[in-house]
Structures are given as C-alpha cells and as structure tokens.
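These notes concern the structure reproduced below.
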Amino acid sequence: DEHGKESFIFYGGMHHQTTLAEALEATTILGDVWKFDYETETLTMLAPYPPLPWQCDERTGDYPMARTAHAGTIVGDELIIHGGMYFGDEDVHDSSSFSSPSNSYATYKTSSHWKALSDIWVFNLKTLKWRERIQYPQLARSYHSMVGWGNGTVAAFGGFQQDTNIPGE
C-alpha cells in the first residue's frame, strides 16, 4: 500500500455447502474486493458487491459481474481481473444437469448453468473505483493465470478455454 505495508488483495470467488442438496440451494458467486493487512492481521472490505454507486465505472455506471475461477494481478495501484465464470439465469435447483456432488469445475463442463466470461476490469486501489478495460479479441478463460507490467500490458495464460471458435494457443 501507500505506506509500504504488505497486504493481500482478493476479489470474488464462490461459497457453497458440502452436500449436493445444500450446494444447489446455497451457492453464492462473489464480487467483493478485500484487503488483508499482514502487519495488523486485519481484513478490510474495499468494495461490496454490488459496489456502491460511486465505485462503478464513471463512463457507464457498470461494474464487473460476480465470478469465480478468474485471473487477477496487481499492477501499481490497480487490481486487474480477467475472465472466469458465473451461474447463468437458468434454474440452478435442477439437479439433472449436474454430474458430481458440488458446483465445482467437475460440473462446469456438464452444466449449462455455468457461463464463461471474457471481460477485463480494473479496480483502482486508491480511488476504490471500477473501470472496464476494453480489449479485443475477448477470450473467455477460466482457471488461468495473469501477470501485468507497469506499462499496462497484461498476459493471460493457461487455464480452460471456452471459446471453440478461436483455434490455437
């Protein structure tokens, strides 16, 4: 942070219960931003989900959809997130589309409830505001990694590619 303290920044993820019945009833995809200060061992919420109106992208009023299995990196004072997945609008209580006892990667490929994301968002750690970063082509990825450089370049690699219309690596 600005005082030279080490901290851990994290965004999004998923909460779910341990049994199939509980998981289908209580899966929550998250979209909040938190900071853990290693020195003081304190957790601070930087942005709730949905974010406060003043934290949304000033150009559009939008903010990132809650997600899991996304990539993220810190570059300077910015958290950058890319891709991942979320539950679609279908009825998540229909257990017929699940092939394993949790809403996890094992069910991702067999469930129409999971939707791939390809967007990139930037959260400024000083102003605490979101901004969408438009980038083409937009590649839907999940369970991947990302690194960034000070000049604004980011590279995403590995993971699972949902876009079948884009060949190659």
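Note that the structure is predicted; figures quoted are calculated from it, not measured.
The shortest side-chain heavy-atom distance between M146 and I80 falls under the 4.5 Å cut-off. Within the 4.5 Å cutoff, the side chain of I134 has heavy atoms near those of the E132 side chain. T40 is listed as a side-chain neighbour of K5, based on a closest heavy-atom distance under 4.5 Å. Between W130 and D62, every side-chain heavy-atom pair lies at or beyond the 4.5 Å cut-off. Within the 4.5 Å cutoff, the side chain of F123 has no heavy atoms near those of the P51 side chain. With contacts defined as side-chain heavy-atom distances shorter than 4.5 Å, the pair R67/S142 does not qualify.
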Stepwise side chain to side chain contact (heavy atoms under 4.5 Å, CB included) check, M65 with L117:
CA-CA 9 Å; M65 177 175 287; L117 296 169; 4.2 Å; yes

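With hydrogens and angles ignored, the 3.5 Å screen pairs no side-chain donor or acceptor of R141 with any backbone N or O of F157. Looking only at distances, no side-chain donor or acceptor of Q138 sits under 3.5 Å from a matching main-chain atom of D119. Panel note: side chain H144, backbone G83; no donor-acceptor pair is recorded below 3.5 Å. Side chain of Y49 to backbone of A66: a donor-acceptor contact under 3.5 angstrom is found. Side-chain atoms of E78 do not come within 3.5 Å of backbone N or O of G152 as any donor-acceptor pair. Counting only distance, with no hydrogens or angles, the side chain of R59 and the backbone of D57 share no donor-acceptor pair below 3.5 Å.
Atom-to-atom distance recorded for I9:CD1 and T73:OG1 is 12.0 Å, nearest 0.5 angstrom. Interatomic distance, CG of L128 versus CG of L79, reported as 11.5 Å (0.5 Å rounding). For the atom pair NZ (K35) and OG1 (T42), the distance works out to 8.0 Å, reported to the nearest 0.5 Å.
Both I74 and L46 sit in one connected hydrophobic cluster of ILVMFWY residues. Membership requires side-chain heavy atoms under 4.5 Å apart, directly or through other members. Tracing side-chain contacts under 4.5 Å through hydrophobic residues (I, L, V, M, F, W, Y), one never reaches Y63 starting from L30; they form parts of separate clusters. Neither V75 nor L125 shares a network with the other; the hydrophobic side chains, linked directly or stepwise wherever heavy atoms of I, L, V, M, F, W or Y lie under 4.5 Å apart, form separate groups for each. Placement of W34 and F8 within a single hydrophobic cluster is found when ILVMFWY residues are connected by side-chain heavy-atom separations under 4.5 Å, directly or transitively. If you chain together hydrophobic residues whose side chains sit under 4.5 Å apart, M45 and F36 fall into the same group.
Counting all heavy atoms, side chain and backbone alike, Y11 lies closest to G31 at CE1-O, 3.1 Å. Nearest heavy-atom pair, A71 versus S145, reported as atom, atom and distance to 0.1 Å: CB-C, 3.9 Å. Nearest heavy atoms, G13 versus H70: N-CE1, 3.9 Å. For S7 against D37, the heavy-atom pair with the smallest separation is CB-CA, 4.2 Å.
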